[in-house]
Q: 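Can you read through this structure? Questions will come right after.
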Amino acid sequence: MSLLVVGSMALDTIETPFGKAEYTLGGSATFLSTSASYFINDIKLVGVVGYDFPQKEIDFLQSRGIDTAGVEILKDVKTFHWHGKYHYDMNTRDSITTELNALGVFDPKIPDDYKACEYICLGNIDPNIQQKVIKQISNPQIVMCDTMNFWIEGMRDEVVKTLGLVDVLVINDSEARLLTGEYNLITAYRKMREMGPKVIVIKKGEHGAYLFTDDAIFSAPAYPLEQVFDPTGAGDTFAGGMLGWLCKSKSLTEDNLKLSVIYGSTMASLCVEEFSLEGIRNLSQDKIRDRFNAFKRLTHFESLEI
Ligand code: AMP
């Protein structure tokens, strides 16, 4: 199975109560593809960067086995730059600046050998671009998408149009509320379900995630960490782990969807332990397995007769 990832590639400036990092590697596609690369080795990346994007980061993505032939490098414009500032509780953040730069002129052309990908992951990016990508793929089995307040506030109708074309939506709680106007997450799910996606995951930061299908609701915790350094990219890392697992296991049963949410949560918990992408830059399979097993112990209980 091959996975096509499209989304933003960025240089981020991040401020958290623990420090600041400037022009560090970021972007939804970067986190998504890196996270998924721990599960599968046929990932094709589509994105755009400017002249200031470090070659060593392209080399890094390639070292993870990610095909970067679909990454366009524009010579006369800078890379997308996002500056985010987290509050003390780390669940809320402000976007201080969003300089689209290369992303603002992005017109993705999917290379011919990418068009047969079975799994499609549309990272947080302009919803028009998400639609253009879906339309260029021959016969996708699963299309997953993510979005963000920036696009919901600025292009809600287009976001809704994208949702009509996808199977799985991964969204965080505040974005789900913004999109639907509903505070209650079950009501918000029902409204988003009417827009298209059959499977919806609502992420709740340090409070875990809900998986909704037509038949069930599954609740996964977030791994309790004493040190959360930087939540940037946790959502994309979650989605990359989830879809990476689905792609590897080739099964969409309810049990496997639940397992994919735990793999997503496992990867996200490793991501937030360090700044920027550092938490998932160089993971061993042992480390991922240990965290996955810790998740299992966290949620396991025996039922006893009373
Ligand atoms: P997450 O924390 O998972 O929501 O994703 C954080 C990443 O999203 C950062 O690395 C940013 O570069 C990227 N990002 C921020 N704003 C946008 C936007 N408007 N469109 C696309 N990507 C964005």
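Remember, it's 1-based here, ligands and their atoms both numbered in the order they're listed.
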Q: Show the numbers, then the answer: is there a side-chain contact (heavy atoms from CB on, under 4.5 Å) between Met144 and Met242?
A: CA-CA 10 Å; Met144 177 195 259; Met242 181 179 172; 3.8 Å; yes
Q: For Tyr210, which residues count as a ring-ring contact (aromatic ring centres under 6.0 Å, His included) partner, sequence neighbours excluded?
A: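 Tyr210 satisfies ring-ring contact (aromatic ring centres under 6.0 Å, His included) with Phe212 once adjacent residues are dropped.
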Q: Can we say Arg289 and Asp286 salt-bridge, meaning some charged N sits less than 4.0 Å from an Asp/Glu carboxylate O?
A: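 Answer for the salt bridge query: yes.
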Q: Could you pull out all residues at least two apart from Asp290 that satisfy side chain to side chain donor-acceptor pair (under 3.5 Å)?
A: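 Partners of Asp290 under the side chain to side chain donor-acceptor pair (under 3.5 Å) test: none.
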Q: Which parts of the protein, at residue level, reach under 4.0 Å of ligand 1 through a heavy atom?
A: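 Correct list: Ser8, Ala10, Asp12, Gly26, Gly27, Phe31, Phe80, Trp82, Arg93, Asn124, Met148, Phe150, Trp151, Pro231, Thr232, Gly233, Ala234, Gly235, Asp236.
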Q: Restricting to non-hydrogen atoms, name the atom on Glu72 and the atom on Asp107 that form the minimum distance, rounded to 0.1 Å.
A: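 For Glu72 and Asp107, the tightest heavy-atom pair comes out as OE1-O, 4.4 Å.
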Q: Tell me, which pairs form a ring-ring contact (aromatic ring centres under 6.0 Å, His included) where one or both residues lie in residues 33-74, sequence neighbours left out?
A: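 Those involving residues 33-74 are Phe39-Tyr263.
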